[in-house]
Amino acid sequence: MSEEELLSLLKQDLQRTGQLPGDPEYLPFLLRAAQANLNRQGIRDDRSMDYYQTLVGTAAWMYRKRISGEAEPAYLRRLRKDLLLARGREVNS
């Protein structure tokens, strides 16, 4: 999936209909930071919809938590664990 498509999904997740000052720089940065976060946890881009959902969801959560301080949503933890478990099964096969 292209960065443009991921940015579009991130904007939809954040319910953005317009563009705020700084978006062109900050939103791609958030996607890269979320990808680095997932990589540190052993989750690599396998080009699956599950990965992209986890990436976009993580970036959206990072955006929101900077304001609200909210903890990571349970659905993101579940997606991440599912990806890690699936990866383990692939390695052991």
Side-chain angles (χ1 to χ4, degrees):
M1 186 171 288
S2 72
E3 183 174 332
E4 185 176 309
E5 291 170 310
L6 291 169
L7 282 170
S8 176
L9 290 171
L10 177 57
K11 289 176 185 177
Q12 289 175 33
D13 192 304
L14 295 172
Q15 299 178 344
R16 291 286 184 81
T17 55
Q19 184 168 297
L20 296 176
D23 277 358
E25 298 81 24
Y26 190 60
L27 296 181
F29 167 79
L30 278 176
L31 283 170
R32 289 189 301 274
Q35 186 172 37
N37 180 286
L38 294 174
N39 282 336
R40 279 192 302 277
Q41 296 176 58
I43 300 171
R44 306 282 184 261
D45 183 355
D46 61 0
R47 300 192 184 281
S48 70
M49 289 300 118
D50 289 337
Y51 174 80
Y52 296 131
Q53 181 181 13
T54 305
L55 176 63
V56 170
T58 299
W61 167 66
M62 292 169 75
Y63 181 89
R64 290 182 185 105
K65 80 168 185 159
R66 70 182 175 66
I67 296 169
S68 68
E70 77 178 70
E72 182 183 30
Y75 88 93
L76 278 178
R77 287 191 302 274
R78 181 79 250 159
L79 285 170
R80 197 176 59 251
K81 288 178 183 178
D82 287 348
L83 286 170
L84 284 169
L85 286 171
R87 182 72 36 100
R89 278 187 234 121
E90 291 170 7
V91 170
N92 292 328
S93 295

Pairwise distance CG(L79) to CG(L55) - rounded to 0.5 angstrom: 11.5 Å

Over 12 foreign heavy atoms within 6.0 Å of OH, Y26: yes

R66 to Y63, cation-pi by 6.0 Å centre distance and 45° axis angle: yes

Minimum side-chain heavy-atom gap Q53-T58 below 4.5 Å: no

Residues E5 and S2: side-chain donor-acceptor under 3.5 angstrom: yes

Between CG on residue L31 and CE on residue M62, distance to nearest 0.5 Å: 9.5 Å

Y51 vs R44 side-chain heavy atoms within contact, under 4.5 Å: no

Euclidean distance, N39 CG relative to I43 CD1, rounded to 0.5 Å: 9.0 Å

Side chain to side chain contact (heavy atoms under 4.5 Å, CB included) partners for L9, two or more places apart: M1, Q12, V56

Carboxylate-amine/guanidinium contact R80 D50, below 4.0 Å: no

Minimum heavy-atom distance D13-A60, with the two atoms named: OD1-CB, 3.3 Å

Distance (rounded to the nearest 0.5 Å) between D46 CG and Y52 OH: 8.0 Å

Shortest non-hydrogen contact from E70 toward K65: O-CB, 3.6 Å

OG1-CG distance between T54 and D45, expressed to the nearest 0.5 angstrom: 11.0 Å

Side-chain H-bond candidate by donor/acceptor type, N37 with Q41, under 3.5 Å: yes

CD (Q15) with more than 12 external heavy atoms under 6.0 Å: no

Shortest non-hydrogen contact from A34 toward A59: CB-N, 3.7 Å

Inter- and intrachain pairs under salt bridge (charged side-chain N to carboxylate O under 4.0 Å, His left out), touching residues 19-42, at least two apart: R16-D23

Check: S8 side chain, E4 main-chain N or O, donor-acceptor pair, under 3.5 Å: no

Spacing of E72 atom CD and W61 atom CH2 [to the nearest 0.5 Å]: 5.0 Å

